[in-house]
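First the structure, in the form of structure tokens, and then the observations on it.
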Amino acid sequence: MRKLLKGLSFSLVFLMAFGCISNEKIIYLQNLEENTPIEDGELITYEIPEYKLQYNDIIDVNIQTVDDLLSMGFNNQATQMNGQMGNVSAQNGGDIYYMTGYSVDQSGNIRLPIVGNVNVKEKTLEEARVTIEESLRKYVTSELYVKVKLGGVRYSALGEFRRPGKFVVLQDRMTIFEAIANAGDLTTVAKRDEVLLIRQYPEGTRLHRIDLLDRQIVASPFYFIQPNDQLYVEPMKVRETGTGENTAQTLALVFAGVSSVALILNLLK
């Protein structure tokens, strides 16, 4: 009996020492020892490359003539209604622009009424706007106002998120921390130093490993999420051992195990 209790005591010490997750593994944006520190308040400069349209993107194209502006005013009510519907749709997990926007096909074209196919592949939003306006000039002689916007930022969050899923955020750009917050943050057992970012490029797909614990990520090209990005986060080894995420959970599991063993021993007497 003494040997059993001694063994259980050693197990308790072992689980408390190795079964809990330290703060260093879950705190974001740390100044890691091997990197040049970024002090609080220090200005971090970065260049945000203009996003270029590619296959499977959805863009919202709003076209108005002078007559439209005179009849409806500069604040287009239809545009406002689309924005309100988009907000409601996004909150409910839907995507309003899937029905009202224009999808970029495999050839890089969008199909507009009357005009037909317009190639926007690898064009920025401004370049796409100019191309669409030039295509419309063949059919419209009056002044035109053309607005082109991305139909929101679409991304997927898989693995150790508190609320994994596919999301559509109706804004032009979003940081990786905004994307994580939108998915309910990461669980305690998530590997924050080995986040897998699956990013789509015009020539194909690339996999990138990201360390969210490192403050240097703010100056990296992966700080901003791009449309159709996928985030996958693996669990730590603690998930395999079956121990708790913190000391309280680990102690609860150990005491439950000790109580079960003691009960079995009493029954065997």
Side-chain angles (χ1 to χ4, degrees), residues 13-52 124 150 152-167 169-241 243-251:
V13 173
F14 176 82
L15 288 172
M16 290 182 65
F18 300 100
C20 301
I21 300 171
S22 63
N23 286 338
E24 287 75 14
K25 293 183 178 181
I26 61 175
I27 296 177
Y28 297 118
L29 300 173
Q30 301 176 54
N31 275 317
L32 302 183
E33 292 182 0
E34 62 270 18
N35 296 330
T36 303
I38 299 176
E39 302 300 332
D40 293 348
E42 180 179 338
L43 180 64
I44 303 171
T45 58
Y46 45 76
E47 294 183 6
I48 306 174
E50 285 195 84
Y51 180 72
K52 294 188 177 182
T124 65
L150 272 174
V153 179
R154 292 161 178 76
Y155 74 97
S156 300
L158 310 171
E160 290 299 320
F161 288 88
R162 298 192 186 278
R163 195 176 65 250
K166 185 176 180 181
F167 302 92
V169 180
L170 300 183
Q171 58 190 57
D172 292 330
R173 69 176 187 175
M174 178 175 56
T175 69
I176 190 169
F177 289 105
E178 288 179 302
I180 292 171
N182 192 52
D185 201 358
L186 298 176
T187 65
T188 307
V189 298
K191 279 187 178 180
R192 288 165 170 77
D193 59 340
E194 293 185 21
V195 175
L196 182 64
L197 171 65
I198 306 171
R199 175 160 289 178
Q200 310 301 318
Y201 295 89
E203 63 274 13
T205 301
R206 291 179 182 174
L207 307 180
H208 305 281
R209 287 285 180 180
I210 300 174
D211 186 354
L212 298 178
L213 306 180
D214 189 357
R215 189 171 290 194
Q216 295 290 337
I217 188 177
V218 179
S220 79
F222 309 116
Y223 183 55
F224 288 95
I225 288 291
Q226 292 187 6
N228 303 314
D229 276 355
Q230 300 172 59
L231 296 170
Y232 174 65
V233 184
E234 301 173 357
M236 298 180 189
K237 290 292 185 181
V238 68
R239 171 66 63 83
E240 296 179 5
T241 61
T243 54
E245 297 180 2
N246 51 49
T247 303
Q249 290 186 11
T250 302
L251 286 174

CD of Glu33: more than 12 outside heavy atoms within 6.0 angstrom? no

For Ala157 and Ala183, work out which heavy atoms get closest and say how close. CB-CB, 3.9 Å

What one should report as the nearest heavy-atom pair of Ser156 and Lys166 is OG-CG, 3.9 Å

For Phe177 and Ile217, run side-chain contact (heavy atoms from CB on, under 4.5 Å): C-alpha distance rounded to whole Å, both residues' side-chain angles, the deciding distance at 0.1 Å, then the answer. CA-CA 10 Å; Phe177 289 105; Ile217 188 177; 4.1 Å; yes

Tell me, do Met174 and Ile176 make a side-chain contact under 4.5 Å, heavy atoms counted? no

Less than 4.5 Å apart, side chain to side chain, heavy atoms only: is that true for Asp40 and Arg215? yes

Check: Arg154 side chain, Pro227 main-chain N or O, donor-acceptor pair, under 3.5 Å: no

If you count every heavy atom of other residues, nucleotides or ligands that lies below 6.0 Å from Glu50 atom CD, does the total exceed 12? no

Please step through side-chain contact (heavy atoms from CB on, under 4.5 Å) for the pair Tyr232 and Leu207, ending with a clear verdict. CA-CA 10 Å; Tyr232 174 65; Leu207 307 180; over 6 Å; no

Tyr155: which of Asn182, Asn228, Asp229 passes side chain to side chain donor-acceptor pair (under 3.5 Å): Asn182

Spacing of Gln230 atom CD and Thr205 atom OG1 [to the nearest 0.5 Å]: 8.0 Å

Atom OH in Tyr51, atom CZ in Phe224: separation rounded to 0.5 Å? 15.5 Å

Which heavy atom in Asp185 sits nearest to a heavy atom in Tyr28, and how many Å separate them? OD1-OH, 2.7 Å

Nearest heavy atoms of Glu160 and Ala190, plus distance in Å: CB-CB, 3.6 Å

Would a distance-only check, ignoring hydrogens and angles, find a side-chain to backbone donor-acceptor pair under 3.5 Å from Asp193 to Asp211? no

Heavy atoms, side chains only, cut-off 4.5 Å: are Thr188 and Arg162 in contact? yes

With rounding to the nearest 0.5 Å, note down the distance linking CG in Leu196 to CZ in Arg209. 4.5 Å

Spatial distance of atom CD (Gln226) from atom NZ (Lys52) [nearest 0.5 Å]: 11.5 Å

Side chains of Ile38 and Asn31, heavy atoms from C-beta outward: is any pair under 4.5 Å? yes

Least distance between heavy atoms, Arg173 atom then Gln171 atom: O-NE2, 2.7 Å

Thr187 vs Val233, test: side-chain contact (heavy atoms from CB on, under 4.5 Å). Steps then yes/no. CA-CA 10 Å; Thr187 65; Val233 184; over 6 Å; no

Interatomic distance, CD@Gln30 vs CG@Leu212, rounded to 0.5 Å, equals 11.0 Å

Working to the nearest 0.5 Å, report the span between CD1 of Ile210 and OG of Ser220. 6.5 Å

Report yes or no: does Gln216 contribute a side-chain atom to a donor-acceptor pair with the main-chain N or O of Thr36 at less than 3.5 Å? yes

Testing the basics here: between Ile27 and Leu213, what is the closest heavy-atom pair and its distance to 0.1 Å? O-CD2, 3.1 Å

Starting from the C-alpha separation in whole Å, work towards a yes-or-no answer on side-chain contact (heavy atoms from CB on, under 4.5 Å) for Arg199 and Tyr201. CA-CA 7 Å; Arg199 175 160 289 178; Tyr201 295 89; 3.4 Å; yes

With a 4.5 Å limit on heavy-atom distance, are the side chains of Ile225 and Leu231 in contact? yes

